[in-house]
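First the proteins, then the strands, lettered A, B, ... as listed; each starts at 1.
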Number of protein chains: 2
Amino acid sequence: MERYSKQRELILTALRNRKDHPTAEMLYKDISKIMPTIGIATVYRNLAALYENGQILKIETKQGESDRFDGNIKPHLHFQCLECNKIEDIFLNDKQNEELSKKLKDFANIIDAEFATSKIVLKGRCKDCRDKK
Amino acid sequence: MERYSKQRELILTALRNRKDHPTAEMLYKDISKIMPTIGIATVYRNLAALYENGQILKIETKQGESDRFDGNIKPHLHFQCLECNKIEDIFLNDKQNEELSKKLKDFANIIDAEFATSKIVLKGRCKDCRDKK
DNA sequence: GTAATAATGATAACGGTTATCATTTAAGGA
DNA sequence: TCCTTAAATGATAACCGTTATCATTATTAC
């Protein structure tokens with residue numbers, strides 16, 4: 001049976017306190033300031049467990065690049081800037097969400113599959129990078 | 001300047017001859033039958049180059065799981081079965097494609113970003129796994 | 001044919017993540 | 001409260017897909 005641990009609580013809190021999409025390593029650094037004895041494996045283990053429980057989101061990135069985590073489980077899309085690599089959230093309103101889900105379900109129907117979830121990452125240039133030019 | 005190599009040609013051909021989404025390792029095995037001296041690094045190098053050139057697609061999978069490649073560059077979505085992990089293609093017709101692009105562009109606008117491309121993976125249960133039950 | 005240099009093949013190195021294992025600690029009785 | 005048990009931890013080795021290195025080979029322009 002699952003057991004309470006101070007470490008897991010700290011990890012979840014640390015993630016929720018961030019507005020960005022930190023890596024396990026970034027969270028490890030944050031938490032080390034409060035609990036210097038924590039091990040990196042504990043951070044990975046708990047992030048995996050929290051993800052399994054549906055308490056956090058995970059954004060799987062490409063090989064050799066650290067996965068990103070997200071404490072906000074409200075469904076949303078991600079946008080990754082091709083120039084600065086930053087990941088931003090895109091929240092849809094209920095109508096948009098519903099329409100999108102309907103479309104995706106139709107797409108899955110094309111191959112006779114049952115649609116459950118989707119992983120959508122838009123790519124392009126973020127506002128900051130565009131304004132820089 | 002880029003130079004012709006027998007190896008690159010073999011790799012591209014091997015990929016196009018497959019209807020699935022092989023890993024670099026799988027292609028290496030295929031090609032080794034024809035050219036037993038080829039090195040695994042050459043396969044990775046050329047797949048990366050072909051991807052950069054837009055001649056093939058790459059499906060980035062999670063850490064520790066090999067990336068998949070796709071010789072069909074016609075734009076399409078991917079569907080990954082949550083039970084058997086198989087990745088299938090979903091081809092949209094022109095109208096569907098256009099509507100989807102328009103929507104995604106609107107979504108990027110929400111955060112003032114310029115939309116370029118998207119990575120969409122639908123997940124659920126494939127036809128085969130559903131029929132098994 | 002020759003020179004210049006891109007591509008190759010063998011293999012070491014890399015980096016994020018996971019496995020291992022001895023130790024610590026939470027939780028449910030007695 | 002003390003005991004028992006087994007889940008969770010922390011340190012670190014191992015893992016594995018991929019990339020870097022470097023001497024050698026092969027393509028291209030002349």
Side-chain angles (χ1 to χ4, degrees), chain A residues 1-15 20-53 55-70 80 85 87 121, chain B residues 1-15 18 20-53 55-70 80 85 87 119 121:
Chain A
M1 145 230 17
E2 199 153 279
R3 206 176 269 187
Y4 170 86
S5 88
K6 184 72 184 164
Q7 286 86 343
R8 177 169 312 187
E9 189 182 304
L10 280 172
I11 289 164
L12 185 54
T13 304
L15 179 55
D20 59 348
H21 302 82
T23 62
E25 192 71 34
M26 292 172 189
L27 290 170
Y28 173 63
K29 280 185 187 150
D30 284 357
I31 300 158
S32 293
K33 290 173 192 153
I34 301 162
M35 180 187 273
T37 58
I38 198 169
I40 185 72
T42 301
V43 177
Y44 276 104
R45 254 191 313 245
N46 279 293
L47 286 171
L50 289 165
Y51 175 63
E52 297 273 309
N53 294 348
Q55 296 178 262
I56 66 173
L57 297 182
K58 185 167 63 166
I59 309 167
E60 286 159 356
T61 52
K62 61 184 162 194
Q63 265 286 145
E65 198 174 293
S66 301
D67 286 343
R68 308 305 199 88
F69 295 89
D70 192 337
Q80 183 159 32
N85 270 319
I87 294 176
V121 183
Chain B
M1 144 231 18
E2 197 153 278
R3 208 175 267 188
Y4 170 86
S5 88
K6 185 73 184 165
Q7 286 86 344
R8 179 170 308 187
E9 189 182 303
L10 280 171
I11 289 163
L12 185 54
T13 304
L15 179 54
R18 293 188 67 132
D20 57 350
H21 301 82
T23 62
E25 191 72 36
M26 291 172 191
L27 290 170
Y28 172 64
K29 280 183 186 154
D30 284 357
I31 299 159
S32 293
K33 289 173 193 156
I34 300 162
M35 180 188 273
T37 58
I38 198 169
I40 184 74
T42 299
V43 177
Y44 276 104
R45 254 190 312 245
N46 279 293
L47 286 171
L50 289 166
Y51 175 63
E52 297 272 310
N53 294 347
Q55 297 179 261
I56 65 173
L57 298 182
K58 185 166 66 167
I59 309 166
E60 286 159 356
T61 52
K62 61 184 161 194
Q63 263 287 144
E65 198 174 290
S66 301
D67 286 342
R68 307 307 196 91
F69 295 89
D70 192 338
Q80 182 158 33
N85 271 319
I87 295 177
K119 199 176 69 174
V121 183

Response to the item:
Of the listed D:dT9, C:dA10, C:dA7, the closest approach to the B:Glu2 side chain comes from C:dA7
Discussion item. So B:Thr23, base contact, sugar-phosphate only, or nothing? Heavy-atom distance under 4.0 Å.
Written reply: nothing
Worksheet, complete the sentence: Judged by nearest nucleotide, the residue sitting upstream toward the 5' end of DNA chain D, A:Ser5 or B:Arg45, is A:Ser5
Practice prompt. Spell out yes or no: do the side chain of A:Arg3 and the base of C:dG28 have one donor N/O and one acceptor N/O closer than 3.5 Å?
Written response: no
Item to complete: Report the distance from atom CD of A:Glu65 to atom P of D:dG17, rounded to the nearest whole Å.
Response: 19 Å
Fill in: Contact summary for A:Leu15 and A:Pro22, nearest pair of heavy atoms
CD1-CG, 3.6 Å
Worksheet item: Do the side chain of B:His21 and the main chain of B:Arg68 share a donor and acceptor less than 3.5 angstrom apart?
Response: no
Discussion item. Measuring from the side chain of A:Ser66 (C-beta onward, heavy atoms only), which nucleotide among C:dT11, D:dA11, C:dT17 has the closest atom?
Written reply: C:dT17
Worksheet item: Once you round it to whole Å, what is the distance between C1' of C:dT25 and CZ of A:Arg8?
Response: 14 Å
Fill in: Nucleotide nearest A:Asp67 when distance is taken to its side chain, options D:dG10, C:dT17, C:dT8
C:dT17
Response to the item:
Side-chain atoms of B:Gln7 come closest, of D:dT9, C:dA19, C:dG9, to C:dG9
Worksheet item: Below 4.5 Å, heavy atoms only, C-beta onward: do B:Leu10 and B:Gln7 meet side chain to side chain?
Response: no
Practice prompt. Provide, to the nearest angstrom, the distance between the NZ atom belonging to B:Lys58 and the P atom belonging to D:dG17.
Written response: 15 Å
Worksheet item: Quick one: which of D:dT18, C:dA26, C:dT8 gets closest to the side chain of B:Tyr44?
Response: D:dT18
Item to complete: Whole angstrom is fine here: how far is it from CD1 in A:Ile38 over to C1' in D:dA8?
Response: 11 Å
Discussion item. Please report the distance, rounded to the nearest Å, between OH in A:Tyr4 and P in D:dT5.
Written reply: 25 Å
Item to complete: For B:Glu9 and C:dA6, give me the distance from atom CD to atom P, rounded to whole Å.
Response: 21 Å
Response to the item:
To the nearest angstrom, the CG-C1' distance between A:Asn46 and C:dA26 comes to 14 Å
Worksheet item: Picking from D:dT9, C:dG9, C:dT17, which would you name as closest to the side chain of A:Ala24?
Response: C:dT17
Worksheet item: Heavy-atom distance under 4.5 Å between the side chains of A:Ile40 and A:Glu25, does that happen here?
Response: yes
Worksheet, complete the sentence: Between CD1 of A:Ile40 and P of C:dG16 the distance, given in whole Å, is 10 Å
Practice prompt. Might you work through the side chain to side chain contact (heavy atoms under 4.5 Å, CB included) test for B:Glu60 and A:Glu65, ending with a clear yes or no?
Written response: CA-CA 11 Å; B:Glu60 286 159 356; A:Glu65 198 174 293; over 6 Å; no
Worksheet item: Is B:Thr42 touching bases, backbone alone, or none of the nucleic acid, heavy atoms closer than 4.0 Å?
Response: base
